[in-house]
Each structure stands twice: as C-alpha cells, then as structure tokens.
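For reference, the structure is listed below as structure tokens.
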Amino acid sequence: MSFSITTWNINSVRLRMPIVEQFLVRYKPDILCLQETKCPNGEFPMKPLKALGYEHVIIHGQKGYHGVAIASKIPLTEDHRQDYCGIGDARHISAIVQVGSRRIRLHNFYVPAGGDEPDRSINPKFGHKLDFIEEMKALRADGVPGTSSILVGDLNIAPLENDVWSHKQLLKIVSHTPVETEGMLDIMKKGNWLDLMRLNVPATEKIYTWWSYRAKDWEAADRGRRLDHIWSSQDLGPSLDRIEILREARGWNRPSDHVPVTAHFRF
DNA sequence: ATGGTCGGATGCCGA
C-alpha cells in the first residue's frame, strides 16, 4: 500500500485556505501537517478540510503566532501536545497513525525562528531556539518497540552546506550558524532519526523549501534554504518511494514563503 | 548596498 504525508508552513491558515484546498485537491496526501497556522482553536477552518475527506483534524493553536495542525484521511489517535521550553507556545502536536500493519508515532514541529542576532546574550529569541533544540535531543525515533516514527515540520534550520544558497555567506545568519546546524545533527544522532529528504539526494545537490518574501524576484535570485524537514525512524527508510518538493507553490497566488514537502512511502 | 516583504495581537513586532 502507498502512504503520503506533507509538511507545509502555511503562514496563516485562514488567509491561505484557497491554496491549501488547491493543494489537497491536486496532490491528495493522506496526511497534511501545517505550521504557523496563526489561528485560535475556535476559528480553525475545519469544515473545508473535512469536506475534502480530511475527517481527522487535530489542532494546537493560539492567537496571532505559531500554531500547528494535522489533517488526515485516516484516524489519528493518542494525540498530545508538548510545551517545549514551558512558555505555552503552540509549537508541537503528535498522534499515532496505523498504516497497514505499521503503527507510526507522528510529530509535527514549529521550531522558533530565533530572531536576527545569533548571540543568546543579546538576543533572547536565539537563546529560546537553542533551548528548544536542546530539549528535542530527548526525542527518540525508536523509543517504543513496535512503533515507528515520523517527524516533520518547519525546523527553521538548514543543516548542510547545500541546504542554503551560499554556505559561506550564511554562516553567521540565524538558521545556518554552526551552533544550530550541529545542534540539529545532534538531535538526529541522539534520537536515531533518518533525514528522508537527503536519503536519495547527494549532499552536493542544493535543496530548498523556503524563499524569502523580501527578494524582488524569488525565482530568479533563487536564494533559498531547506528549513522544512521530514525525518523517520531507521526502519521506514527502505519504504520511502520519493520526496516531492512543490517549488511551484511558491509562485501560487498569495503564497506562503515555504512550499509543501511530501514523503511518499510504499509499504 | 546592510535594504527588502509579508502576517497579524497592525501604525508595531515577529518572520
């Protein structure tokens, strides 16, 4: 059987519902994970998602900032939300999905962006990001026997040299500083996570999922970064069919600055 | 050359 899961930082789910619906009608993933919904729970657009067959929707929102959600065609059970850094931000939501004979724990994250200055002594937002990364190191992909794991989200870090348009020019730019990229690689190592977007793509090849709104012509400049990720436990690696990065979505009407990334599995 | 553009708790802050 086939199974597909998409991650997309939507930058306001209410404003972006027309392109969310367009994406779901055209690409029909089994599960859609959203970040930066910027939507209180009572105002989340449940009806249009359910009308498209995404009957199982779990949300963790707040007013104005952050917010994560999972919309699924298949049942979501044992959902929970972890308050990373204990400051009440809506940045994580998790559930179990049963796909054929496989039981999978799914995590959807929105990691703090971290502000502009990569120095925690003058920029508390960067300190918060580093603390968040530290807390993620306790999350294991293989912690529960008989349960596989998938972790998706806007992790706001581009870990490898070719996850940014210029490694050299971005070394002091938040999202690609060594303390962040090493921290992310340590999360993966400690938790035994597999970077599915890099599984079949050589490290020499550029991969981007985000292009700044500030560029005059995002496509011509092509100064992107890989901030959005799909990880899994090691056992799911052989079942990955392909990764699809929908670059064209950056050019849709009133786009998010992030594009959808989908993992297709064959179990 | 150190800007630029988005979004929402909008005339600012966070990204």
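All heavy atoms count here, side chains included; hydrogens, waters and symmetry mates do not. The chains referred to below are lettered A, B, ... by the order of the sequence lines, with proteins before strands, and numbering in each begins at 1.
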Rounded interatomic separation in angstrom, taking CG from A/Asp89 and P from B/dA9: 15 Å
Please list, chain by chain and in numerical order, all residues satisfying side chain to side chain contact (heavy atoms under 4.5 Å, CB included) with A/Lys63, sequence neighbours excluded. A/Pro40
Please state how far atom CZ in A/Phe44 lies from atom C1' in B/dG8, giving the value in whole angstrom units. 17 Å
Under-3.5 Å N/O pairs linking protein and nucleotides 11-15 of chain B:
residue: B/dG14; atom: OP2; partner: A/Lys125; partner atom: NZ; Å: 3.4
residue: B/dA15; atom: N6; partner: A/Arg214; partner atom: NH2; Å: 2.5
residue: B/dA15; atom: N1; partner: A/Arg214; partner atom: NH2; Å: 3.0

Take atom P in B/dT5 and the same atom in B/dA9, then report the distance between them in whole Å. 22 Å
B/dA15 versus B/dG4 - spacing of their C1' atoms, nearest Å: 13 Å
From CD of A/Glu117 across to C1' of B/dT2 the rounded distance in Å is 13 Å
Write down the distance between CD (A/Gln169) and C1' (B/dA1), rounded to a whole number of angstrom. 13 Å
Could you state the CZ-C1' distance from A/Arg223 to B/dT5, rounded to the nearest angstrom? 16 Å
Can you check salt bridge (charged side-chain N to carboxylate O under 4.0 Å, His left out) on A/Glu36 and A/Arg16, steps first, answer last? CA-CA 11 Å; A/Glu36 273 205 278; A/Arg16 232 60 91 181; over 6 Å; no
Per nearest nucleotide of DNA chain B, the residue lying toward the 5' end, A/Ala215 or A/Gly64, is A/Ala215
Expressed in whole Å, how much space separates the P atoms belonging to B/dG3 and B/dG7? 22 Å
Of all residues at least two apart in sequence or in a different chain, which pass the ring pair (Phe, Tyr, Trp, His ring centres under 6.0 Å) check with A/His128? none
Kindly say if A/Arg14 contacts the phosphate of B/dG7, meaning a side-chain N or O under 4.0 Å from OP1 or OP2. no
Under a side-chain separation threshold of 4.5 Å, the hydrophobic residues clustered together with A/Met46 are A/Trp8, A/Ile10, A/Val13, A/Met17, A/Ile19, A/Val20, A/Phe23, A/Leu24, A/Val25, A/Tyr27, A/Leu32, A/Leu34, A/Phe44, A/Leu49, A/Leu52, A/Tyr54, A/Val57, A/Ile59, A/Leu246, A/Trp252
Please write out which residues are connected to A/Ile96 in a hydrophobic cluster, directly or through intermediates, given that two of Ile, Leu, Val, Met, Phe, Trp, Tyr count as joined at side-chain heavy-atom separations below 4.5 angstrom. none
What is the distance, to the nearest angstrom, from the CG atom on A/Leu170 to the C1' atom on B/dT2? 14 Å
Could you tell me how the ring of A/His92 sits relative to the ring of A/Phe109: parallel (under 30°), tilted (30 to 60°) or perpendicular (over 60°)? tilted
Restricting to salt bridge (Lys or Arg N to Asp or Glu O under 4.0 Å), what partner residues turn up for A/Asp89, sequence neighbours left out? A/Arg91
